[in-house]
Each structure stands twice: as structure tokens, then as C-alpha cells.
Undergrad: 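Following this message is one structure expressed as C-alpha cells.
Every chain is numbered from 1 and lettered A, B, ... according to where its sequence line falls, protein lines coming before strand lines.
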Amino acid sequence: MTLQQKYNPAVIEPKWQEFWEKEGSFRTSEDRTKPKFYALIEFPYPSGEGLHVGHPRPYTALDIVSRKRRMEGYNVLFPMGWDAFGLPTENYAIKNKIHPRVVTERNIARFKQQLRSLGFSFDWSREVNTTDPDYFKWTQWIFLKLFEKGLAYKQEMPINWCPSCKIGLANEEVVNGSCERCGSGVEMRVKNQWMLKITAYAQRLIDDLELVDYIDRVKVQQRNWIGRSEGAEVDFAVVGTSRKLRVFTTRPDTLFGATYMVISPEHPLIEEFKDRISNYAELAAYREQAKRKSDFERAELTKDKTGVEIKGLSALNPVTGKEIPIWVSDYVLMTYGTGAIMAVPGHDERDWEFAKKFGLPIVEVVAGGDVEKEAYTDTESGIMVNSGFLNGLEVSEAKQKITAWLEEKGLGERKVNYKLRDWVFSRQRYWGEPIPLVHCEKCGWVPVPEDELPVLLPEVENYEPTDTGESPLANIREWVETTCPKCGGPGERETDTMPQWAGSSWYFLRYTDPRNDEELASKENLDYWLPVDWYNGGMEHTTLHLLYSRFWHKFLYDLGVVSYPEPYKKRTSHGMILGENNEKMSKSRGNVVNPDEIVAEYGADTLRLYEMFIGDFEKSVPWSTDGVRGCRRFLERFWRLQEIAVPGESYSAELETNFHKTIKKVSQDYENLKFNTAIAAMMTLLNDISDVARITHAELKTLLILLNPVAPHITEEMWVNMGFPGYVHEQAWPKWDPDKVVDETVNIAVQVNGRVRGEITVSLTDPVERARELAMANPNIQRFTAGKTIVKEIYVPGKIYNIVVK
RNA sequence: GCCGGGGUGGCGGAAUCGGCAGACGCUACGGACUUAAAAUCCGUUGGGCAUUUGUGCUCGUGCGGGUUCAAGUCCCGCCCCCGGCACCA
């Protein structure tokens, strides 16, 4: 055909976007006979900044997979929504005296328009929004179920407090002692907070990683974060009292080497025996000092241990029967184990340092090191010494024996501990889901009845966070004051709201049945669609969102709401896109690239292609404007294939193998996050076609289908331009013939003594004799073999021919 | 400190059941087209040496050893970078 128009994405892209929308091309079908495929990307927080070039990277990746799956005959669910509660919106609203709902609506509209301009095949009819009362009704419902099962409880506890955001933070939100969001230093504050008992699921969260296909670093990080450790709890008698001091240790085998004990400054023992302690004032002062430090500061001062001996109290080592002192030090944390330890300075670095500093005895109980120089911490193979009935055993055997002994004598027991802490679920904020509970003087905490959900946020003109740390909702008396659902007496609503992680912990369930007002989603839909087949998201969500949503899912599984214990079958992760200067993109660094500008100047297909071609999908990579231009150039050249298209419903002889190879490569690479090499393969093929200067209709069709998932607009346009029947997105994914992916003849290298000295053209079936004959015809080979004897020949068909001479 | 991942041209990156290192793209340089420029097209582009200009030799994948006909790839010992965890007993 003769080509009239130039490639003009500004015209064809909006045209196709409207077409797909109007036709409902990517609407998920109700056809349950097809195999299903549920692709999920993390729904964005619609910030005021608008879309960032980092957003389209994972979206395009799974858009590619989704589009390919549709062409392979799957019923695909590829939805999108908004994680729209959150601090920036609230802060902006407070500052500008606008209701956060209005800000949210505006931000969503902007995001949506930007996403549409990129041509993603989302089924927009299933859009969800965590701030929509019809949605958070079910977030509240799940909370009530957790409350009902005793997994939500309110507790007075020291929390991480961000003085700038005026908000309590979960451990996971504290990064190096600073607020993850705003970066200011975190303080400890005691507050009465709602907690979720994620620790009850710790073991299952580890075990069920076996059921899923997550990239390794995600599994590793989850295990690491949950931090399982096996050991024993042991009771030490406090001399002269009936009180026992219980410790947790992973090294019960070293019990004979426990020469003193250390308790955390917050440990109740101090108050209990206030009267017997002769230096109470000193201890109280130490405790005050420790209180002022955050956990982070405590941890920072690793090198210099501090502590005070409790005078007037001592303990008995249960195996040696020796009286040992009890110390207080802030290197022991109240929040882990029992808040008390047995110190074995010979075999624990921290205890060793402490013992050296305060002149406490060090006893060697595992042979192999020099405990006067440093703690010897070999954990498995060392031999026990100075340890009574454990002498001569290996560490691992000694662990077994002593634990059995302790259990038999009633002095202790086997114990597993986890670093994972319960989830601080309260936020003292307005813009979040209200916690649907009422406090009644008489009945305590009473759930709002299910049929009264959702508990809506009160409509107010404006509000401010409070310095006391109370939620702004506390000031809105007409909302707070209510009646107790149980006794009908006066009650007060809970004024804390839920954290942002609440709504995102179950959103993927809602997509399966987004308008259901009877249930969070119908069982039928949940059973058909779940688990999510492929979930891609950022590594930064591994210990937060991913763990939380797995926890909620398991809880819903226990309730019978969902039928599979894990929500996501496969999890992958993308790398960040950095600024052109190789630094993280940020406004303050002035290196932010706005996707709107790229779409306006080069088109959405170029942006998509570039973001996939830019480099290894899993790694961070700097933005390059020149790279974008190169991708646009490729699409221009691709567009001009129309000029050299010739009729023909088969592959041409000269390109046939090439096409089969490319189909194979592209098909496989799209599945393995290797979008960059898939695109490179298509570029190579385009170069080869340009050399031939001709492309048959059959070839062009195949190529259009292969490129379609990456560049959907240009391929649809060219398909129609060529007068091919139907539309690209309705075509079947091309197949490759395994017999046709190998070249009949190949050039292989000929080596002499392992060095390449020439090249021969052989067929795969040629015997070594043929290779030798061809090789020896080469003057350069002759030069290197002349006058020498051949001692060995290595011939690997299709790979190499190596002659070893002497 | 512990646990992951990684170190390859000027740049982003290919190639790891051991088999021609640098695919593909960018940049740069040269040429064509143009009054000129842009765009486009063609060619060159890891270093060094030689060259009859066809090419040949040689060094080269963080460093030092090793295995092998053959090592970016495997083994041993180091260095550095990125991410996570970190006084968790």
C-alpha cells in the first residue's frame, strides 16, 4: 500500500483509547469456561503531584502480560483503583482549608486521565476507591471480625510517635529512627492504641511461603522480618524469695556459663522488690534515662554499654547452683522475649562486652576459642566443657539434652520467639476509616452492629490535628457522643482511625465483585478469581503491605470468606526509575520527569516501549532522554514497514527461521520479566527485515501481534491501515515451530588450543570429519597447526570445533 | 556484624546446563541528502600492535590464585557497590 500519513501518535493514541473504552475491549468477561488470569499491580496513592514516570513501569509490565494472556484465550482480570486515604491529602486539606474528599476526588481525576493516556488495558468498570463508604464499609467489617475473634485489642504501650505528623507509627514505618514519611525523628510515647495480633499468624506467615512463587529476595525479607528463633525459656530463682526470673535464650547449652543476669529497665522485678533493693534511687534514675532514649538511640550506642547492678537481689544459676548478680541494662529490650536474659559472656558478644566493662566473670563452656580475648560464638560444632553432664557433647547435642533436662525438672521449656510485633492499628487522624467501636461505661468496647456500617466520617468545615496526640475527631462532640449499641446507654465513639494499610490489605478481593453491597465479594467470584495469579509491586512494600495483606487474607481464610490460604500465587518486583543524574527522582533534586510531557512529545507507545527497554526490569535504572528518542525512532521505522509490505500469507524463506526464533524469544521473555531482551529481539528482526527490504502480510501480522502488548496503539492502527481483518487485540498469540527455530547451517568458531583462529559454516548434522576438512582448508588454521600433531579434537555441533595440537 | 543481590565498552545493558564477550539501544565520530541546519539514511565505535586495508596478532568481564581443550560463567581466597535486618538474647 502507499503510505499517505506519517506516524502521528498524538492522533492515533487518543483514537484507540476511545475505541477500546467504547467497545469494552478489555472488560473482564463473565465467561467462566475460560481459564482465568488475575494480574495485579499495586494501586496508587493519588497524590497531588500526579503520575510519576516510575508508575508506568510495573503497570506496563503487567499490561503486557495481560494483553498476551487475552490473546492466548484467558479470561483476564486486570483492574485498577485508588489507595486514597492518607496523610499528604490530609495535610494539604488542613493547610488549604479544603475537605480531603474534595482533594482526593481531584487527585483521582488527574491520575485517571494520565493513566488513560498511556493506554493500559485496565477494566475501569471495576475501579475501587478505599475512601468510598461502600468500600470501607467492608474494611470496617473485617476489623469487627478481628475484634470479635480477639485479634484486635487496645493496649497502653509505648509507641513510635512522629512529632511532625502527630501520629503513631507502626514499627515498619520507622526507618533508621525516623518517620518513613516525613523523615523527622521518632520519639517514644505511651498511648492507648488499637493493636492487631499479627504475631498469632507469625508461623503460618513463614510456613506458607512454601505455597507461593515469590522472587527469592521477597521471601527472604519476609522471613527475616518475622525473625523466628528457636530456644528455651529458663527459670532462675531469685535468692531469698519465691519469685522466679524467666529468661529466653537460643543457647540453653551454655547455661553453665551464665555468670550474671540482665533485665530491661522496664522490667517489673524492680518495682516488685523495691523494698529489698538498696540502690533503688540509682536504678530509678537509670530507668528515667533509658526512657528518654528511643529504641533507635538505644541501639545506636552499641559500643558503649551502660548498666547498674541491682543491690540486694541475686539469682541462682539452676545448673551450677551458684549465686549470680542481676543487672539492669538498656541493651535488654522489654519488647522481646521475657525482658530478661541470662548473660553468657564467654559465648555472646554483647554479654562479653558488658562483662569486660563491669568486671564480671567469664567462663568458657564451649571449647575452641579464647574467651579472654573475645566471645566464642560457634553455634554448632564446638565441644562443651565446664558444663557438668553436658561435657564432651557437641553444641547441637547439648541443646537437646539440656532442654529435655529443664523440661523434666520443670525449670524451663522449649520456646520459639519472633521479632515480629503486633501491628499498631490506630492513627490519630481524620482522613482514615473510623474504627467502628463505641465505648460504654457499662459494657466496655462494643462493636457497631453490622447493619449500621459503614461508620462515616463526620462532615466538618475544617479541623486540626491536636498536640495532645488525640484524633481531630475527638473534638467533634456531636459525632463522638452516641448510644451504646448493647445497653442503649450513653457511649462514645472510638476517635482513632485506621492506618493506610487497612484498605490496601484486601482491595484485590473487592475487584472480583466491586459493587456487591451484601458481602465484601461473592464467594463464587472469590473462588473463581483467587488467588491472584501474578502480583507485581515495589520492594518497599515487602514488610508492610505484603505481610499485612497476607495476614488479613489468612484471617479471612479462617473465617471461610476465601478458600485458599494465600492471596498471591506469584510476586515479582520492579526496580526504581532514577533521574538522569542517577539520583532518586524528587522535586527537590529537580530531576523529575513528567510522563505527560513524554506522551505529548513522543507518544504513549514510545514511553511504554522505552520503560520496558530501558534495562533489567528488576533493577533501578537512570532515565535517559536520548534513550526515549531511540525508542521513538524504532517505532518510526516500524511504521514504515507498511511501505514494504507485500501480499503473502506465509513467512518468506529467508525470514522464516528468524520469525520462529523471535516468536519464541518474545513469548518467553514476556513471561520472565525480560521485556528488554524481547524488545531487542524485535529490533533485531526489524533490522533483518530492512536488509531484505520486504515483508509479507503474514510476517507483518505476526510482528504486529508480538509488539502489540508493548505498543498497543501503533499496532492497532497499522493493522487497520493494512486492511487486515478484525483488530490486533482479538488475534491469537502466534506459535513457533520447534523444528524451525534452528538454522540449517551455522557459523561456528574453530579454535586451536582454545584460541579462535577461524570460522567454518557447517550444518548441525555434519560429522567431525566434515568440520576438520573445512577447518583445514583455512590458511590461518593451517598456519597454527602446521608441523604439529593433533592430540585431541573437541567438536560440539552448532557450538565449537577445537583442535588441540602439540 | 548477619542475610540477599551485584561489579562486563563512553552510557543503559546482552550473553551464565562452560563453547566466537559486548546482542539491542544510546552517545561520539565519519559520510550521503540539504543553500544551511534539523530529521532521515549509510558506515565506524573496548584497548594496543601489525597490515598487502582482506584482515592478522595480542590484552580485556572488580582483584589474586585454581580446575579445564575452553572460564564473564565452575572452585578457593579477597576488595568494592546496592538493598534488607541489626544490642532480638
Undergrad: Ignoring hydrogens and angles, state whether a donor on the side chain of Tyr214(A) or Thr542(A) is under 3.5 Å from an acceptor on the partner side chain.
TA: no

Undergrad: Measure from the side chain of Phe613(A), starting at C-beta and using heavy atoms only, and say which of C24(B), G84(B), C69(B) lies closest.
TA: C24(B)

Undergrad: Between G19(B), C24(B), A89(B), which nucleotide gets closest to the side-chain atoms of Val332(A)?
TA: A89(B)

Undergrad: Using only side-chain N and O atoms of Arg640(A), determine if any of them is under 4.0 Å from OP1 or OP2 of C41(B).
TA: yes

Undergrad: Using the P atom as the point on both nucleotides, what is the distance between G22(B) and A28(B), in whole Å?
TA: 24 Å

Undergrad: How far, in whole Å, is U8(B) from C81(B) if one measures between their P atoms?
TA: 14 Å

Undergrad: Under 4.0 Å between any heavy atoms, over every strand shown, what does Phe784(A) touch: base, sugar-phosphate, or nothing? Just pick one.
TA: sugar-phosphate

Undergrad: Assign G54(B) to syn or anti; the rule is syn for a glycosidic angle within 90° of 0 and anti otherwise.
TA: syn

Undergrad: Please state the P separation for the pair C26(B) and U44(B) - nearest whole angstrom.
TA: 15 Å

Undergrad: So Gly630(A), base contact, sugar-phosphate only, or nothing? Heavy-atom distance under 4.0 Å.
TA: sugar-phosphate

Undergrad: Which of the following nucleotides, C87(B), C20(B), C85(B), is nearest to the side chain of Val756(A)?
TA: C20(B)

Undergrad: Does either side chain, that of Thr625(A) or that of Glu580(A), offer a donor lying less than 3.5 Å from an acceptor on the other one?
TA: yes

Undergrad: 5'-most contact on RNA chain B: Ser229(A) or Gly627(A), nearest heavy atom basis?
TA: Gly627(A)

Undergrad: Side chain of Asn676(A), heavy atoms from C-beta onward: which of C85(B), C87(B), G13(B) has the nearest atom to it?
TA: G13(B)

Undergrad: Is there a donor and acceptor pair closer than 3.5 Å between the side chain of Asn802(A) and the base of C69(B)?
TA: yes

Undergrad: If pairing requires Watson-Crick or G-U wobble contacts with both distances under 3.5 Å, which nucleotide is the partner of C85(B)?
TA: G1(B)

Undergrad: State whether Arg217(A) places a side-chain N or O below 4.0 Å from either non-bridging phosphate oxygen (OP1 or OP2) of C3(B).
TA: no

Undergrad: Consider only side-chain N and O atoms of Asp422(A) and Thr199(A), and report whether a donor and an acceptor are under 3.5 Å apart.
TA: yes

Undergrad: Under 3.5 Å for both donor-acceptor distances, Watson-Crick or wobble: does A50(B) have a partner, and if so which one?
TA: U55(B)

Undergrad: Work out how far the C1' atom of G43(B) is from that of G48(B), and round it to whole angstrom.
TA: 23 Å

Undergrad: Under a 4.0 Å N-O cut-off, is there an ion pair linking Glu636(A) with Arg632(A)?
TA: yes

Undergrad: Looking only at side-chain atoms of Arg755(A), point me to the closest of U58(B), G25(B), G56(B).
TA: U58(B)

Undergrad: Hey, does the side-chain of Lys305(A) have a donor or acceptor N/O within less than 3.5 Å of a partner on the base of C87(B)?
TA: yes

Undergrad: In whole angstrom, give me the gap between the P atoms of C87(B) and U68(B).
TA: 48 Å

Undergrad: Rounding to an integer number of Å, can you tell me how far Met683(A) CE sits from C24(B) P?
TA: 11 Å

Undergrad: Please tell me which of Glu759(A) and Arg783(A) maps to the more 5' nucleotide of RNA chain B, matching each residue to the nucleotide holding its nearest heavy atom.
TA: Glu759(A)

Undergrad: Expressed as a whole number of Å, how far does the C1' atom of G62(B) sit from that of G9(B)?
TA: 15 Å

Undergrad: In whole angstrom, give the distance that lies between atom NZ of Lys419(A) and atom C1' of A86(B).
TA: 7 Å

Undergrad: Which whole number of Å gives the distance between the C1' atom of C75(B) and that of C59(B)?
TA: 25 Å

Undergrad: With a 4.5 Å limit on heavy-atom distance, are the side chains of Glu793(A) and Val804(A) in contact?
TA: no

Undergrad: Side chain of Arg633(A), heavy atoms from C-beta onward: which of U58(B), C26(B), A89(B) has the nearest atom to it?
TA: C26(B)

Undergrad: Can a side-chain donor-acceptor contact be found between Tyr336(A) and Ser264(A) if the only test is distance below 3.5 angstrom?
TA: no

Undergrad: If the plane angle is over 60° it's perpendicular, under 30° parallel, otherwise tilted; pick one for Trp327(A) and Phe358(A).
TA: tilted

Undergrad: Give Arg228(A) one of three labels, base, sugar-phosphate or nothing, depending on what nucleic acid heavy atoms sit under 4.0 Å from its own.
TA: nothing

Undergrad: Which base, if any, makes a Watson-Crick or G-U wobble pair with G19(B), both distances under 3.5 Å?
TA: C69(B)

Undergrad: Could you classify G47(B) for me, syn or anti, using a glycosidic angle within 90° of 0 as syn?
TA: anti

Undergrad: Using a heavy-atom cut-off of 4.0 Å across all strands, would you classify Ile614(A) as base, sugar-phosphate, or nothing?
TA: sugar-phosphate

Undergrad: Rounded to whole Å, please give me the gap between CZ in Phe617(A) and P in C24(B).
TA: 24 Å

Undergrad: Name the closest nucleotide to the Asn224(A) side chain, picking from G84(B), G12(B), A15(B).
TA: G84(B)

Undergrad: Taking the C1' atom in each of C63(B) and U55(B), what is the distance between them to the nearest angstrom?
TA: 35 Å

Undergrad: Could you give the CG-to-P distance, from Leu420(A) to G84(B), as a whole number of Å?
TA: 18 Å

Undergrad: Mind calculating the distance between CZ (Arg629(A)) and P (A38(B)) to the nearest angstrom?
TA: 13 Å

Undergrad: If you check the Phe248(A) side chain, which of G4(B), A89(B), C20(B) turns out closest?
TA: A89(B)

Undergrad: Can you tell me the base-pairing partner of C24(B)? Count Watson-Crick or G-U wobble geometry only, both distances below 3.5 Å, and say none if there is no partner.
TA: G12(B)

Undergrad: Can Glu42(A) and His541(A) be counted as having a side-chain donor-acceptor contact under 3.5 angstrom?
TA: yes

Undergrad: Could you check whether any side-chain heavy atom of Ile689(A) comes within less than 4.5 Å of a side-chain heavy atom of Ile644(A), counting everything from C-beta outward?
TA: yes

Undergrad: Rounded to whole angstroms, how far apart are CD on Glu601(A) and C1' on A39(B)?
TA: 14 Å

Undergrad: Rounded to whole Å, how long is the line connecting atom CD1 of Ile760(A) with atom P of G19(B)?
TA: 18 Å

Undergrad: Take the protein atom CG of Asn780(A) and the nucleotide atom P of G56(B), then report the distance between them rounded to whole Å.
TA: 6 Å

Undergrad: By nearest atom, which of the nucleotides G25(B), G4(B), C69(B) is closest to the Asn687(A) side chain?
TA: G25(B)

Undergrad: Using a heavy-atom cut-off of under 4.0 Å over every strand shown, decide if Arg632(A) touches base, sugar-phosphate, or nothing.
TA: nothing

Undergrad: Gln221(A) has a side chain; which of C20(B), G83(B), C87(B) sits nearest to it?
TA: G83(B)

